[in-house]
Amino acid sequence: MGSLIIKKVKYSGEKYSYESPELQEGINVILGDNDSGKSTFSYFIEYALGGKVKPFEDDTDGSRYSLIIEDVNNFVQIDVLIDQTPYSIKRFINHQDIFIDNGDIIEKFPINRKPGIAIFSDWLLGKLHIPVFEMYLGASHWYFNFNDLFRLLNYDQNTEPRKIYKSPVAENYIADSIIIRKSIFEILLGISSAEYFKKLDIAKAALKKRDTAKALYENYKANHEIYESSDKLNEIKNEISINLKNLELERDSYLRKETNVNDKIGELSDIQAKLLSLELRNSEDRVFLSTLQNEQTKVNQLHYNLEQEIYQIQKIIFTHDKLDLFSMEVCPFCMNKKDVEEGICICGSKFNDDDYEKFVYHSSEYKEILSHKEKSINAITLAKEAYQKDIDEKNQNILNNLLLIKDYTNKLKIIIETAEFAGNTTIVDGYNDKILKLRETLLQIDFSLKTSSQLAELKKDFDEKNKKFAIVQEELKKAKAEYDKNNLSTIEEFNTVYNDLLSKSSYESTSAHIDEDYMPFIDNREYKAKSGDVPKRLMYYFTILSLALKLSSVKHPRFLLIDTPEDSGIDTDHLNQNLELLEYAIHLGKQKDGRINSFQVILTTGYGKFPDSFEKYVVEKFSTKENNYILKPN
């Protein structure tokens, strides 16, 4: 079970910027009037974690965040602790890559899934010890990303409270289907569904492979005549091979006795000329091959240098904002203009103009340079492949020429040995007929041996796949039993806490639990005012957090982002009553020794719309009256 703590939130652009105070473990309250930026604070966190924030997109209708969209060279950066290990995560606005700095190296990951490439979600889930889980839904294939799980980590104001789950990024019938929502719940609650469904997929794949192997074996057996055993066939083959060799020796001996030497000088000269031509061609190919290999070495070095430059630029993207605080003409200490000798740094050291240029671009320009370098390295990669292809082609030509040289050499030998035959051709034909029949018999035996061998291989493959299927089937049964057992105990824990919290909330329920789809079933579904949706949804999130604090099996990262929960007409007193239950939920999550595991809750809300007891948790304030907005003009 991993934990996620946000330490700092930062936005930077050429027109606007923002940097939060350091956030703490536990509860953090962000106060603000409407339109002052408290929801923007939540957007920054979601965006940096790979989420899709519609107001940050230029083509959004009705909710376009123009201050950010029209800003330039802008990015969001958050400092986080994942299992107490610090990372800095940086994402440029309207870009689909995320940079991660762990203090030693900087890595870049795409946000959108690409075949064979690890994405940011894979990295984050791996750090949180949550498996990258995939599911087959008929013809559809669904990967569960961090964005999916974030639907139960973020109580947002844009989703109707009655829906419980945050609205999905991709709003379609699959993304918000019951099975997807159930799987999100099960993955976060550690109800071993990921393990069970993974075992189920493995069992299905093993069954398919077993059935395919069986069909191949039975079809081959039905359509091929199986002769003697392999041992018996090899014994017959050896005997025939000896007879064949003896016949060929007898025929060759008879031919030699009846041979007269004949003049073959013309034919010999032609073959010798061809051999000389092939040798010359091979010599030329070897020289050209050496040239290609030298060029390939240079391209490989260029590829390596580009890789190093790309890594250096990735580092600059993180450090640039600190490096351009002063120019070469201004002293960084007294800020007075300083005459500096050309080619000499302020410190007195010599430097190259090329090195200096790497530190005078804007961050967005570095992003463009990085993109250009990445395209260049792709072109160099193609060049490497082209050189390798040419090298392989030349090697193949050399090999083909060597085979031709060998063939012509054999022909030369045969011509030398060839003579005008003066013996009885009937005797020679008799030898040839016997040799031909023996060779045909050997071909039949070889075919039978191949058939027998292939059948044995197919039988072996079927037996292995059948055995493997039996093993994974047994593992699936165990996973199913564990799934059912874990499911039952975890759901019982959830129902106990949820019932307790909801009864103490403004909902004042008498009976609350979740149904087979993990959705709230309260007071036999008696009608409640719409304002009851807020505690119903809020207590659902509090319950999951409480279980994450208490149970080591729960995969929830003990992080909760609550954005302005005062919707649906709930009055302030009832809202405060519900929010105060957060501390009670945390209390219910205590370990047996009284210890509370590290966690973080970030609550954005309006002035006077939070309990007085939460005043000690306030870490940031925005105000339209005081002209104190989240985005500060530079």
Side-chain angles (χ1 to χ4, degrees), residues 6-23 28-80 88-99 111 147 150 154 156-159 166-167 169 317-318 320-322 324-325 361-368 561-567 602-607 609 618-634:
I6 309 292
K7 295 299 292 180
K8 190 175 282 289
V9 178
K10 179 181 179 181
Y11 169 83
S12 177
E14 290 193 4
K15 297 180 180 179
Y16 301 97
S17 60
Y18 170 73
E19 185 169 340
S20 75
E22 186 164 322
L23 306 179
N28 296 262
V29 176
I30 313 296
L31 289 182
D33 300 321
N34 289 338
D35 298 323
S36 63
K38 57 183 185 295
S39 291
T40 305
F41 189 92
S42 298
Y43 289 159
F44 285 159
I45 293 174
E46 182 177 1
Y47 195 72
L49 292 174
K52 181 178 181 180
V53 177
K54 291 183 178 180
F56 291 180
E57 296 179 357
D58 201 12
D59 59 352
T60 302
D61 296 329
S63 59
R64 186 175 180 273
Y65 205 133
S66 59
L67 294 183
I68 288 176
I69 292 172
E70 295 172 7
D71 202 351
V72 291
N73 187 32
N74 50 345
F75 60 85
V76 176
Q77 183 173 335
I78 59 173
D79 295 334
V80 302
S88 189
I89 300 172
K90 187 173 188 177
R91 181 182 177 188
F92 285 83
I93 301 298
N94 280 328
H95 286 81
Q96 300 305 310
D97 293 317
I98 289 185
F99 295 85
I111 291 175
N147 284 338
F150 197 68
N154 179 205
D156 67 320
Q157 63 170 328
N158 296 323
T159 302
K166 182 181 185 293
S167 296
V169 173
I317 285 174
F318 261 97
H320 171 260
D321 299 307
K322 297 177 183 177
D324 65 0
L325 291 176
Y361 297 108
H362 293 299
S363 295
S364 61
E365 291 174 317
Y366 279 118
K367 191 73 173 60
E368 293 173 6
L561 178 61
I562 305 172
D563 182 26
T564 56
E566 61 264 23
D567 292 340
I602 298 176
L603 167 65
T604 70
T605 188
Y607 288 95
K609 296 180 179 179
V618 175
V619 296
E620 180 68 293
K621 294 180 180 181
F622 306 117
S623 172
T624 56
K625 296 176 182 178
E626 299 176 5
N627 200 29
N628 178 24
Y629 297 91
I630 188 170
L631 294 182
K632 309 291 192 299
N634 292 335

T605 and T564 side chains, donor-acceptor separation under 3.5 Å: no
Could you work out, with ring-ring contact (aromatic ring centres under 6.0 Å, His included) as the rule, every residue matching Y18, not counting sequence neighbours? F622
Please report the closest heavy-atom contact between D33 and T624, naming both atoms and the distance. OD2-N, 3.0 Å
Do I89 and I98 come within less than 4.5 Å of each other through their side chains, counting heavy atoms only? yes
Do Y11 and N74 have side-chain N/O donor and acceptor atoms under 3.5 Å apart? yes
Give a yes-or-no answer on whether the side chains of N634 and S17 include a donor-acceptor pair shorter than 3.5 Å. yes
Could you list the residues that satisfy salt bridge (charged side-chain N to carboxylate O under 4.0 Å, His left out) with E620, not counting sequence neighbours? none
Among I68, L631, D71, side chain to side chain contact (heavy atoms under 4.5 Å, CB included) partner for K15: D71
Between the side chains of S12 and Q77, does any donor sit under 3.5 Å from an acceptor? no
Backbone N/O of V9 and side chain of S20: donor-acceptor pair under 3.5 Å: yes
Do you see a donor-acceptor pair shorter than 3.5 Å between the side chains of T40 and Y629? no
Carboxylate-amine/guanidinium proximity below 4.0 Å for K7 and E22: yes
With distance as the sole test, does N154 use its side chain to make a donor-acceptor pair with the main-chain N or O of L561 at under 3.5 Å? yes
Evaluate the side chain to side chain donor-acceptor pair (under 3.5 Å) criterion for residues D563 and Y43: first the C-alpha distance (whole Å), next the side-chain angles of each, then the deciding distance (0.1 Å), finally the verdict. CA-CA 9 Å; D563 182 26; Y43 289 159; 5.6 Å; no
Do NZ/NE/NH1/NH2 and the carboxylate oxygens of E19 and K632 come within less than 4.0 Å? no
